[in-house]
Each structure stands twice: as structure tokens, then as C-alpha cells.
Amino acid sequence: MSASFERGVNSFREVMDAPIASFFSSCVHCGLCADACLFYTETGDPKYTPIYKLEPLKRLWRQEYTLLGKLASLAGLSKPITDAELAEWSELVYDSCTLCGRCTVACPVGNDITYMVRKMREGMAAAGHAPEGVIEATRKTIEQGSPMGIQLKAFLAQVKGQEEETGIEIPLDKAGVDYLVIMSSMEILGYPEYLGSLARIFKQAGLTWTVSSEAFEATNSGIQIGVSDIAREIVLRVVNAAEKLGVKYVISPECGHAFTALRWEGPNLIGRPYKFEVVHVLELLDQLRRAGKLKTVGKTDEPLTLHDPCQIVRRGGVVAEPRNLIRMVASDFREMEDSGMYNWCCGGGGGVSANHRAEELRFTVFKRKKRQIEGTGAVTMVTACANCRNVLEEGLERYHMDTKMIGLTELVAEHLKEDEQA
Amino acid sequence: MSDMELLLWARGPGLQGAVAVFVAGMALRLIEIYSLGRKRDLSPARPGNGGAGWATIITRSIPHKELLRTTYLTYILGYTFHIGLFVTLLLFAPHIQLFRGVLGFGWPSLPSPVVDAVALVSIAALFGMLAYRLYHPVKRFLTTFGDHAAWLLTMLPLLTGYLAFHHLLLPYTLMLAVHILSVELLLVFMPFTKLVHVATIFISRWYNGDMLGHKGARL
Ligand code: SF4
Ligand code: SF4
């Protein structure tokens with residue numbers, strides 16, 4: 001994949017569609033999107049205004065897709081976009097956007113800015129202006145099959161560890177079962193207890209399930225960087241494994257971007273619907289709860305709060321489920337200010353956490369989360385995304401906060417009624 | 001050309017020409033947008049959100065309290081100006097008469113002193129918006145020549161209408177002619193400035209709601 005300015009501009013042309021044209025047409029320069037974006041609110045720098053991050057794409061649209069713009073170009077009244085300009089915009093498009101979607105729900109004329117940033121990244125990557133860290137993650141995905149370089153051996157070791165931990169057998173490559181479990185890279189490396197938790201919950205609920213040796217990882221850096229061929233390859237790996245095993249459902253891990261990649265972008269990347277359904281693990285757990293198949297004992301009376309992962313909540317429609325599950329096992333659940341659809345991002349989504357260049361900025365914008373957490377007075381923060389969790393833990397450490405963190409699936413598993421098994 | 005001749009020209013050929021440019025320009029802009037098309041989304045939608053696009057056209061007008069807290073001034077000015085403009089445009093007796101002439105039907109009007117007051121408030125809000133645009137770091141940063149042009153195009157009809165109504169500054173007939181000409185100027189440029197949002201806002205809100213609704217994110 002050799003990057004060049006021409007390829008970048010061509011890719012801008014390819015992604016240009018009616019929604020984007022309508023968004024650029026409608027913008028009234030009111031600046032409200034800035035107030036929705038934590039990169040602006042925490043830095044006060046107007047260059048982080050969401051719509052401004054799209055300036056080169058907007059100029060190209062005006063010059064090539066509107067009559068007036070074409071005339072202005074002919075008359076030499078507008079300057080074409082340049083490679084240097086795209087290089088300059090790399091920081092705005094990658095470092096200072098987590099694709100959190102908050103601007104999209106704020107814009108009064110209805111501009112889906114997040115959608116456009118995602119699309120603009122395609123051209124930026126093609127022009128060679130994606131950041132090092134994300135390129136590296138993508139290269140590892142191609143060469144080693146995993147953005148963090150996780151080998152099958154490492155995954156199997158974690159599976160074995162969790163089998164020992166829980167005393168429950170974790171089925172591998174078992175055909176004909178209902179559910180296939182895949183994990184995010186971050187979970188495999190840092191939070192393998194997620195798998196053990198699922199094993200216990202599924203045993204209680206009597207579900208048939210398996211993990212796969214061919215597709216165990218759901219993280220899709222191809223989407224974060226904006227390279228569709230790679231994104232397609234990563235999705236196909238899961239699709240092929242799932243369809244070969246003949247499962248009815250693939251359970252997306254908590255990880256929000258993995259869910260977005262598999263649930264919303266995947267079918268479009270491979271050009272056809274799947275032969276199975278994708279269900280987010282929290283949706284499944286909440287289904288089990290409603291069916292009475294998820295039985296817990298006791299409630300923690302520690303004050304708990306919830307960090308809503310953007311891709312699961314605002315851009316994934318899973319809002320009530322985590323709350324239902326938390327209330328099942330906690331008596332003192334405290335919502336953050338601006339929770340649910342209007343929650344603030346952890347600051348590390350959309351590939352930002354893999355982008356070393358963005359590290360300082362990420363800690364700066366974490367101040368928003370810090371205020372939110374402090375406002376609740378909770379001692380423990382629950383989340384439902386291993387990437388969020390990792391970013392949050394680093395932020396807590398940087399600001400010397402002693403808030404504890406736990407994954408939602410794990411929290412539920414901790415309260416599982418042991419003797420009740422289907 | 002006498003004041004009366006100018007008024008007659010503005011009311012006759014001037015208006016016809018402006019409306020023609022407006023209609024053609026709007027059609028062109030809509031064609032520019034829709035001709036780009038959109039790929040069909042192959043991912044299965046979450047059920048029950050088929051009307052999310054249409055709903056968002058309405059609901060996006062209601063600022064959410066989380067967002068309102070930090071940005072209330074933009075909303076207050078924006079609301080005041082837009083409501084004022086619509087009231088002045090649609091509920092002023094002479095305007096309704098004009099619409100009746102074109103459309104063949106009319107509707108009840110508000111008493112002139114009320115419309116007068118509303119117009120004044122609307123003008124004040126528009127000045128407020130300009131001041132805020134020059135003052136607020138983000139707005140100033142985003143501002144282009146087009147924003148000021150759009151401001152002026154919107155201000156002129158309101159201002160000249162107000163002056164004509166009160167017989168100020170210029171002889172009434174001339175001021176009325178200037179008022180109508182300023183509306184024509186607005187019509188001619190509307191499709192080619194950010195003022196095109198009068199039409200495209202429905203499209204962008206629809207797409208926004210449709211895409212979020214597809215994923216089941218309810219607003
Ligand atoms: S998606 Fe989030 S981070 Fe990106 S511009 Fe919008 S509000 Fe800012
Ligand atoms: S909030 Fe919407 S209309 Fe306002 S500046 Fe941002 S993108 Fe443009």
C-alpha cells in the first residue's frame with residue numbers, strides 16, 4: 001500500500017456522498033459542536049472545533065461538487081488542498097478525535113461530524129498521514145493477525161489460565177454451538193478474567209458456546225486508521241470462522257470500537273449481510289437477566305458509577321442494558337453528570353490510545369472525566385470496554401486518583417449465584 | 001427613474017427574476033447533494049427506529065439540557081432571531097396580502113404594533129449574534145466572509161422593512177422599494193450561501209437521525 005497525495009485526494013472523492021454534501025451545505029458556523037467536544041472544552045483551543053477538523057474535505061467538496069466552487073476554482077479564486085495541509089491536519093483528524101459522536105448529537109443542523117471524520121481518515125491514510133502508532137498497529141494486524149501482535153499461543157495460554165481459575169472447560173473450535181465469543185486485544189492481554197466471567201455466566205444460563213482458534217480477536221485497527229481493505233480482512237476472519245462453525249450468534253466483546261466494526265461496518269465492508277447475528281455482550285447479559293437465566297446474589301453497597309463507552313451507548317444504542325445489570329448487583333449506583341447519550345469520552349477511543357503522538361493531549365482531556373468521576377463521589381467506576389478501561393486507569397494514575405475500576409461483565413460474574421446451574 | 005417606477009420594477013420584473021434565480025439555485029443545490037447518492041447500509045438495523053430521520057427533523061430543534069448548560073446564549077439568540085423573523089415574515093398583514101395574491105389564500109395576521117415589536121427584537125437578536133460572532137473565540141475562528149455576507153443579506157430586509165413601516169430615513173415609497181429589493185437580494189443569494197440551510201437542514205437532520213436510529217441510539 002503505497003501512500004500518495006493523489007491517492008488521498010481520490011479517496012476523498014470516493015467517500016463523498018449525499019449525507020456529507022448535505023452536512024457541509026447546512027453548516028452555519030455556529031460553533032456549538034466545539035462545546036460538545038472534549039478536545040475543545042478541555043484545551044480552549046478553537047482549532048479543535050469538530051467541523052474545522054474537516055476543513056480540507058470541505059474545501060474539496062466545495063471546489064469539485066458545487067457549481068459556485070467550480071467557477072471560483074476556474075477563476076483561480078480558491079486554493080486547492082495540498083499535501084502539506086493534509087500533514088498539518090493529521091493531528092486534528094487522528095489525535096484530537098476519538099470518534100465519540102458527541103458533536104453529532106449536538107449540531108443543531110444535524111451534521112454527523114463523526115461520520116465525516118471517519119470517512120476523511122480514509123483519504124488521510126491513503127495520503128500517508130495516519131499517525132505512526134496506528135500504522136504500526138495495522139501493520140501488526142496484517143503481518144501477525146493482531147494489532148497488538150497477539151499470537152494464538154498467547155490466547156490459548158489465557159484460555160487455559162481461565163479454565164484453571166474457574167474450573168470450567170472453555171470450548172475451542174466447537175462447531176454447531178449457538179455462540180462464538182471473541183475478545184478485544186486489550187482484554188486478551190490485560191483483562192482475561194472477562195473470559196472466565198463469561199464461562200461462569202454461560203454455564204449458569206446453560207448456553208452452548210465456543211471460542212475459535214482462527215478468530216479470537218475483534219479489535220479492528222483498520223477501521224480506526226481508515227483503511228478499508230485491512231478492515232475488511234479483519235472482519236472476514238471473524239465471519240469465516242463463525243460461518244464455518246455454524247454459530248447463530250457472535251458475541252461482540254465489551255470493546256466499543258470492536259462492536260462498531262463488527263456490527264455496523266462489517267457487512268458493508270464485506271459487501272453482504274452475515275449468516276449469523278452480532279450481539280453485544282451486554283445486550284446478551286441483559287436478555288439473560290430478563291429471561292431469568294442470570295441469577296445473582298447480594299448487592300454491593302459501595303458507591304458505584306458507570307463510564308458509558310461512546311461506541312456502545314451513543315453510537316451503539318446499548319443504553320439501558322448496562323444500567324439494568326448494575327442495578328441488579330449494586331445498591332448505590334450513581335449516574336455521572338451528562339450520562340448515557342451525552343456522556344463524555346474517556347479520551348482514548350477511535351485509535352487515539354494507540355497513537356503515542358497524542359498521549360499528552362489525551363491526559364489533558366481526561367480532566368473532563370476526572371471532574372465527572374469526582375462529582376459522583378463513587379469509589380468504583382464500572383465500564384464496559386477494555387480500551388476505555390485501560391485509558392481510564394492510566395488517567396486515574398496520572399492524576400493520582402484512587403478510584404477503582406471493574407468491567408461490567410466481571411462485576412456481574414462476581415455476584416453470580418454459584419449453585420444455580422441450568 | 002422615479003421612486004414609484006423603482007417600486008413597480010421591484011414588485012414586478014425584479015421579484016419575478018429573483019424568485020426564478022432562487023428556485024433554480026435551490027434546485028441546483030439539491031441536485032448537487034442528492035446526485036452524490038448514498039451506499040445502502042448492509043448491516044441489519046435495530047428494529048423500531050424506521051422513523052428516526054423524520055423524528056430528528058423535529059427533535060433536533062430542542063436543545064438538550066446537557067448541551068444547553070454551556071451554550072445557552074447561542075440558543076437564546078438563535079431562537080429569538082428565527083422566531084422573530086418568521087413572525088414578521090408570515091404574520092404581518094401586508095405580507096399576508098402579498099401571499100394571498102400569489103397563493104390565492106391567506107391567514108389571520110397579528111396586529112401591526114405587535115409585529116413591529118417582534119421585528120425590533122429580531123433585529124436586536126441579529127445584532128447580538130453578530131457581536132457574539134466577533135467576540136466568541138470559536139465563532140470568530142470559524143467566521144468567513146460568507147458569514148458576514150449572510151448576516152447582511154438577512155439584516156437588510158428586516159431593517160428596511162422596519163424603517164419603511166415607520167417612515168424613517170427615506171421617503172416611504174423609496175424605502176418600500178429598497179425593502180423589496182433587499183428581499184430579492186436575499187432570495188438570489190440564499191441558495192449560494194450558508195443560508196441554504198433553510199432547505200438542507202431537513203436533509204442533514206434526516207440523515208443524522210437515520211444513521212443514529214439505524215444503530216438504535218435514541219435521542
Ligand atoms: S467525535 Fe467526539 S472527539 Fe471527535 S470531533 Fe466529535 S466530539 Fe470531538
Ligand atoms: S454545530 Fe453544526 S452547524 Fe454549528 S459549526 Fe458545528 S457543524 Fe457547523
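No hydrogens, no waters, no symmetry mates; every other heavy atom, side chains included, goes into these values.
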Please classify the contact between [X] and chain B as side chain, backbone, both or neither, with a heavy-atom cut-off of under 4.5 Å.
| X | value |
| --- | --- |
| A/Y40 | side chain |
| A/A106 | both |
| A/Y115 | side chain |
| A/T66 | both |
| A/E283 | side chain |
| A/L269 | neither |
| A/R314 | backbone |
| A/E277 | neither |
| A/V278 | neither |

Heavy-atom pair count under 4.5 Å with chain A, highest-scoring of [options]:
| options | result |
| --- | --- |
| B/P137, B/G37, B/G78 | B/G37 |
| B/K194, B/H64, B/H214, B/R133 | B/H64 |
| B/R29, B/K65, B/H136, B/R69 | B/R69 |
| B/D210, B/I57, B/I33 | B/I33 |
| B/K39, B/E32, B/H197, B/K139 | B/E32 |
| B/T193, B/V198, B/L30, B/I201 | B/I201 |

Using a cut-off of under 4.5 Å on heavy-atom pairs, state which of [options] scores highest against chain B.
| options | value |
| --- | --- |
| A/S22, A/A21, A/G31, A/C30 | A/S22 |
| A/I20, A/D45, A/T260, A/D338 | A/D338 |
| A/V28, A/I270, A/I51 | A/V28 |
| A/P19, A/S25, A/P267 | A/P19 |
| A/G271, A/A34, A/C107, A/G44 | A/C107 |
| A/G340, A/P108, A/C27 | A/P108 |

- Message: side chain to side chain contact (heavy atoms under 4.5 Å, CB included) for A/M120 and A/W89? Distances and angles first, verdict last.
- Response: CA-CA 10 Å; A/M120 182 167 165; A/W89 248 262; 4.2 Å; yes
- Query: Minimum heavy-atom separation for A/L99 to A/R315, with atom names?
  - Reply: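 That closest heavy-atom pairing would be O-CD, 3.8 Å.
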- Rounded to the nearest 0.5 Å, what separation is found between the CG atom of B/L126 and the OG1 atom of B/T80?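 With rounding to 0.5 Å, CG (B/L126) is 11.0 Å from OG1 (B/T80).
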With heavy-atom distances below 4.5 Å as the criterion, would you say the side chains of [X] and [Y] are in contact?
| X | Y | value |
| --- | --- | --- |
| A/E265 | A/V235 | no |
| A/T376 | A/E337 | no |
| B/L156 | B/L186 | no |

- Query: Hey, is CZ on B/F99 packed in by over 12 heavy atoms from elsewhere, all under 6.0 Å?
  - Reply: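 For B/F99, atom CZ is crowded (more than 12 foreign heavy atoms under 6.0 Å).
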Donor-acceptor side-chain pairing of [X] and [Y] below 3.5 angstrom:
| X | Y | value |
| --- | --- | --- |
| A/Q63 | A/S73 | no |
| A/N10 | A/R13 | yes |
| A/E91 | A/Y48 | yes |
| B/N208 | B/T56 | no |
| A/S26 | B/T200 | yes |

Is chain A contacted by the side chain of [X], its backbone, both, or neither, given a heavy-atom distance below 4.5 Å?
| X | result |
| --- | --- |
| B/D41 | both |
| B/A45 | backbone |
| B/F192 | both |
| B/R140 | neither |
| B/Y75 | side chain |

- Task: Quick one: do B/Y162 and B/H166 satisfy ring pair (Phe, Tyr, Trp, His ring centres under 6.0 Å)? Show the steps, please.
- Result: CA-CA 6 Å; B/Y162 184 83; B/H166 289 277; 4.5 Å; yes
- So, is the end of the A/R102 side chain (NZ or CZ) under 6.0 Å from the ring centre of A/W344 and within 45° of the ring's axis? yes
- Query: Is the distance between the ring centroids of B/F202 and B/W54 under 6.0 Å?
  - Reply: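 That pair fails the under 6.0 Å test.
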